[in-house]
Amino acid sequence: MKCIRDDVYSVGAIDFDRRLFDELIPLPDGTSYNAYLIKGSEKTALLDTVDPTKTSVLLDNLVRAGVERIDYLVSHHAEQDHSGSIPDVLLLYPEAKVVTNTRCKAMLIDLLHIEEDKFITIEDGQKLSLGDKTLQFVFIPWVHWPETMGTYLPEDKIFFPCDFFGSHLATTELFVEDEPMVYECAKRYYAEIMMPFRTPIKNNLKKMSELQIEMIAPSHGPVYQRPQFIIDAYKDWVSDEVKNEVIVAYVSMHDSTRGMVEHFVEALVQRGIKVRQFDLVGVDIGELAIAIVDAATIVIGSPTFLVGPHPAAAYAAMLTNALRPKTRFVSIIGSFSWAGKMVEQLTGLLGNLKAEVIEPVVSKGLPKDEDFSALDELAEKIAEKHREIGILK
Ligand code: FEO
């Protein structure tokens with residue numbers, strides 16, 4: 001248990017060893033499940049719990065700190081990495097009421113079978129007094145589930161936004177010490193789960209601007225004593241601005257597609273465009289997700305596997321489609337040996353993107369001079385598009 005302000009404590013758990021979230025998202029730096037204890041002069045509140053794998057850490061922290069009573073257990077978000085230990089906390093502190101919104105309550109009943117009479121439901125903006133401290137609830141939907149809310153503590157000017165602004169970073173440092181490192185971890189987190197919700201996040205940022213915030217205490221990663229750092233980062237990520245960058249994500253079986261990618265990347269670089277190239281075999285999809293947060297263009301490279309795209313390319317396309325980056329232009333390059341539907345199927349997998357599709361380039365077998373010329377033309381078209389939107393001189 002660590003004190004972040006007078007009578008405000010961090011009581012959650014650090015998970016240095018976790019390497020995947022949702023059995024999908026890589027966590028190269030581990031994570032933490034932050035829970036916060038607020039002791040008011042009359043009532044005590046616990047904000048969130050921890051992942052069920054770390055329940056014992058949370059309970060030990062509470063017992064060691066001599067916490068005899070919890071009046072309110074505020075649940076900001078029903079996902080189990082924050083809610084999963086609620087049943088055990090309620091067993092240890094049976095007097096506690098779970099404080100949340102109606103949508104989160106319904107989810108907690110579905111996911112954890114918490115009894116209906118354990119809940120107190122609150123509305124957006126509602127306040128709950130702990131005596132000399134006040135919990136003010138702020139609904140921040142779609143970061144990244146629909147029910148998510150935060151709590152503002154006006155006496156201390158601390159905002160507890162749950163996943164919002166979080167970083168998957170296991171560290172014993174309570175506060176952010178190394179902003180560039182936390183920036184990367186927070187951007188990875190944004191890229192992997194928040195990116196599809198740019199519009200609601202913009203609204204949430206606007207709503208938060210009405211609060212005087214001196215500290216942001218998220219549910220993953222260290223606490224921000226300089227909140228503007230992470231607020232500015234989020235403003236940048238959710239803005240409509242894109243960078244003069246092309247992400248080339250590809251897979252090659254017999255070097256035809258690889259030869260095309262190498263030529264194409266050089267053609268883009270010659271035209272003043274920054275390129276990031278990802279071989280999809282063994283790629284950390286978090287790195288790819290970070291890269292597509294603000295790149296203007298994404299190009300997927302694939303050979304034809306049976307009749308369609310290589311499964312690794314199809315996966316990259318599906319992931320990109322699900323994450324809905326603000327990418328303005330997409331294209332496809334690749335190869336085939338006999339008839340196939342690689343381009344048609346990949347294009348279909350990218351249907352969610354509000355991006356212009358630039359004519360793909362496909363080679364029959366090893367690329368020939370005419371294919372390299374077509375790749376030069378594609379690079380030139382992309383350069384023209386980047387100039388049109390003012391990101392390339
Ligand atoms: Fe950290 Fe959406 O849970």
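Ligands are counted one by one from 1 in listed order, and the atoms in each one are counted from 1 as well.
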To atom 1 (Fe) of ligand 1, the closest N, O or S atom belonging to Asp81 is OD2
Atom 1 (Fe) of ligand 1 has as its nearest N, O or S atom from Asp163 the atom OD1
Notebook entry, point to check: Do any N/O/S atoms of His220 come under 2.8 Å of atom 1 (Fe) of ligand 1?
Noted result: yes
Between [X] and [Y], does at least one N-O distance fall below 4.0 Å, as a salt bridge requires?
X	Y	result
Glu214	Arg226	no
Lys105	Glu116	yes
Arg276	Glu245	no

- Query: Are Trp237 and Tyr183 close enough that their ring centers fall under 6.0 Å?
  - Reply: yes
The NE2(His77)-atom 2 (Fe) of ligand 1-OE1(Glu79) angle, to 10°, is 100°
If only atom types and distance count, is the side chain of Asn34 paired as donor or acceptor with the main-chain N or O of Pro218 below 3.5 Å? yes
Restricting His144 to its N/O/S atoms, the closest one to atom 2 (Fe) of ligand 1 is NE2
